[in-house]
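What follows is one structure encoded as structure tokens, with my remarks underneath.
Throughout, protein chains are lettered first and strands after them, A, B, ... in sequence-line order, and every chain is numbered starting at 1.
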Protein chains: 2
Amino acid sequence: MILSIIFVTMTVQGVRERKKGATRARIADVAARLAVEHGIAATTVDEIAAEAEVGRATFFRYFDSKELAVAHGLSGAGAYVLAGVLREVDPRLGPADAVRAAYAELGRDFARHRAMFYEQAMLSRSSPAMFAWTLHLYVDWETAIADAVAPRFADLRDGDPRPRMLGAMTMAAARLAWGEWLDDGGTGDLPALTQKYLATLDLRLPDDR
Amino acid sequence: MILSIIFVTMTVQGVRERKKGATRARIADVAARLAVEHGIAATTVDEIAAEAEVGRATFFRYFDSKELAVAHGLSGAGAYVLAGVLREVDPRLGPADAVRAAYAELGRDFARHRAMFYEQAMLSRSSPAMFAWTLHLYVDWETAIADAVAPRFADLRDGDPRPRMLGAMTMAAARLAWGEWLDDGGTGDLPALTQKYLATLDLRLPDDR
DNA sequence: AGAAAAGTGATACTAAGTATCATCTTCGTC
DNA sequence: GACGAAGATGATACTTAGTATCACTTTTCT
């Protein structure tokens with residue numbers, strides 16, 4: 001009894017929040033799996049909802065569109081993985097170098113996940129709507145990256161544009177590299193391509209000029 | 001007779017191409033107007049098609065979604081305006097400086113178009129779908145900017161990532177500035193905000209490092 | 001001039017996305 | 001521990017976006 005009270009008290013997020021997170025993740029996972037298996041066009045919201053064991057209305061409470069659910073399922077966790085890595089790379093590195101280092105870190109086991117990357121890229125291009133919603137998701141990534149990298153700006157001030165810009169540039173590099181990689185048939189070295197785009201990236205203080 | 005032959009021969013693009021362009025523009029214009037007047041949700045494709053005097057099927061031949069048509073109507077020409085200005089600013093300016101100069105140029109008659117900018121920004125945020133498709137359009141802008149600015153890279157080589165990155169960074173700056181401006185109620189100085197974001201932007205050669 | 005190619009519109013259909021409401025679950029308070 | 005409030009769910013019904021097909025018209029090319 002007392003134990004359960006303590007447990008409840010200790011629980012960071014209540015039952016409700018935890019359930020919501022689980023449901024959201026379940027829907028996204030199912031959406032991504034079905035889309036990879038049968039293609040986005042052949043996957044209906046009804047199927048996703050049924051497979052995820054939620055009502056159709058609930059599906060749309062969690063995601064604004066079928067495409068967004070798929071995008072989340074494919075790579076929704078990616079932003080947090082990257083943000084996590086970003087926080088852990090050598091603290092002496094500046095913001096832009098930290099991003100490059102984080103991507104280098106992620107690129108290490110690229111070979112193992114090559115097929116997955118290819119599938120995701122193909123899917124994100126499979127329709128204009130899917131592409132649009134993928135871009136929508138990228139904006140979330142941008143903010144996650146910005147938050148993760150902000151502490152590395154030594155002289156950060158209020159409303160500083162640099163973290164957000166660095167996030168945007170990072171995602172642009174990832175997106176462009178991914179596109180070029182796909183155009184080449186997905187046979188090339190995606191991490192190297194990403195570094196190529198990232199290498200063009202630099203930031204300077206507004207008043208350094 | 002002979003005159004008409006000469007005329008036909010001189011025509012750069014055939015009747016078909018010209019008609020297509022006009023139809024596309026008409027649809028986009030109507031879509032934007034109706035969306036501004038009644039909101040995107042209250043505007044149906046049927047209304048747009050009817051007003052633009054095309055069949056419903058034709059509408060979807062020109063645009064992949066209602067939202068994309070609206071986005072095009074709102075600012076579809078913007079990319080070409082910017083690209084045009086970009087080509088005309090002082091040829092001695094480097095790529096990044098040219099972008100800043102072009103935006104400064106565009107900012108000069110901002111005051112006159114403030115209300116329009118505000119409407120467009122509000123509309124692009126009015127629904128997640130609209131936002132997603134706006135981002136989709138921005139990718140077109142990116143390539144237009146990249147093409148316009150590419151000649152300014154003195155040592156451009158094949159597959160150089162810098163023009164595309166500069167295009168992406170420019171659009172990111174515009175998008176972020178626009179968002180911040182809107183969050184502040186659209187009362188601030190949008191051109192100045194844009195310059196703030198653009199100021200963080202720099203490019204260096206991959207092998208300068 | 002006439003055949004080929006491309007664009008258009010009508011029709012019909014599928015499924016995405018919205019709105020409403022009764023029911024059930026979780027939360028805070030007594 | 002019970003209870004009322006707040007929030008989440010699912011069923012239902014509905015509107016409209018987006019797709020597919022086909023007969024018809026316009027443009028292009030030879």
Side-chain angles (χ1 to χ4, degrees), chain A residues 1-2 4-5 7-24 26-27 31 34-35 38-71 126-133 136, chain B residues 1 4-5 7-27 31 34-35 38-71 126-133 136:
Chain A
M1 182 62 69
I2 288 174
S4 79
I5 290 172
F7 176 74
V8 168
T9 310
M10 282 179 64
T11 307
V12 182
Q13 36 175 216
V15 176
R16 186 176 282 170
E17 284 306 307
R18 210 156 8 90
K19 267 194 177 178
K20 269 167 64 176
T23 302
R24 189 180 169 81
R26 207 171 58 246
I27 294 173
L34 293 181
H38 313 121
I40 183 95
T43 305
T44 68
V45 170
D46 285 290
E47 283 170 12
I48 299 170
E51 191 105 353
E53 297 181 296
V54 293
R56 182 188 160 68
T58 300
F59 175 93
F60 282 108
R61 262 181 218 113
Y62 281 94
F63 295 101
D64 288 315
S65 76
K66 180 176 75 169
E67 283 80 6
L68 191 55
V70 172
S126 66
S127 79
M130 190 65 223
F131 183 54
W133 284 101
H136 188 282
Chain B
M1 182 61 75
S4 77
I5 289 172
F7 175 74
V8 168
T9 310
M10 281 179 63
T11 308
V12 181
Q13 36 174 215
V15 178
R16 184 175 284 172
E17 284 306 307
R18 209 156 8 90
K19 269 193 177 176
K20 268 167 63 177
T23 303
R24 187 181 170 82
R26 207 170 59 246
I27 294 173
L34 293 181
H38 312 122
I40 182 92
T43 306
T44 68
V45 171
D46 285 291
E47 284 170 10
I48 299 170
E51 190 105 352
E53 296 182 295
V54 295
R56 181 188 160 68
T58 301
F59 175 93
F60 283 109
R61 263 181 217 112
Y62 280 94
F63 294 102
D64 288 316
S65 75
K66 180 177 74 170
E67 283 81 6
L68 191 53
V70 172
S126 67
S127 79
M130 191 65 223
F131 182 54
W133 285 101
H136 189 281

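Taking atom CD of B:Glu47 as the reference point, atom P of D:dT15 lies 15 Å away to the nearest angstrom. In this structure, A:Asp46 places its CG atom 13 Å from P of D:dG10, rounding to the nearest Å. One interatomic measurement links the two molecules: CD1 of B:Ile48 to P of D:dG18, which rounds to 10 Å at whole-angstrom precision.
In this structure, B:Lys19 has no salt bridge (charged side-chain N to carboxylate O under 4.0 Å, His left out) partners at least two apart in sequence or on a different chain.
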Footprint string (nucleotides 24-29 of chain D, 5' to 3'): B base within contact, S backbone only, - free, heavy atoms under 4.0 Å: --BBS-

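The line from CD1 of A:Ile48 to CG of A:Leu34 is 6.0 Å long, rounded to the nearest 0.5 Å. A distance of 4.0 Å separates OH of A:Tyr62 from OG1 of A:Thr23, quoted to the nearest 0.5 Å. In this structure, the separation between OG1 on A:Thr58 and NZ on A:Lys20 is 12.0 Å, given to the nearest 0.5 Å.
In this structure, the side chains of A:Ser126 and A:Phe131 stay at 4.5 Å or more apart for every pair of heavy atoms.
Judged by distance alone, with hydrogens and angles left aside, the side-chain atoms of B:Thr43 form a donor-acceptor pair with the main-chain N or O of B:Gly39 at under 3.5 Å.
Heavy atoms only, all atoms of each residue included: A:Val54 and A:Phe59 are closest at CG2-N, 4.5 Å. Contact record, B:Trp133 with A:Pro128: CH2-C, 3.6 Å, taken as the closest heavy-atom pair. When all heavy atoms of B:Phe60 and B:Ser65 are compared, the pair lying nearest together is CE2-CA, 4.5 Å. Counting all heavy atoms, side chain and backbone alike, A:Glu67 lies closest to A:Met130 at O-CE, 3.4 Å. Considering every non-hydrogen atom in both A:Ala35 and A:Val70, the closest pair reads CB-CG1, 3.7 Å.
Nucleotides of DNA chain C lying under 4.0 Å from heavy atoms of chain B occupy a range whose first and last members, 5' to 3', are C:dA5 to C:dA10.
Residues from residues 57-70 of chain B placing a heavy atom under 4.0 Å of any atom in DNA chain C, listed by number, are B:Ala57, B:Thr58, B:Arg61, B:Tyr62.
Sorted by first and then second residue, the pairs that involve residues 39-66 of chain B and meet salt bridge (Lys or Arg N to Asp or Glu O under 4.0 Å), not counting sequence neighbours, are B:Arg33-B:Glu51, B:Asp46-B:Arg56.
Residue A:Ser127 is classed as having no contact, given no heavy-atom separation below 4.0 Å to the nucleic acid.
Overall bending of the helix from C:dA1-D:dT30 to C:dC30-D:dG1, expressed as the angle between end axes built from five pairs apiece, is 40° (10° steps).
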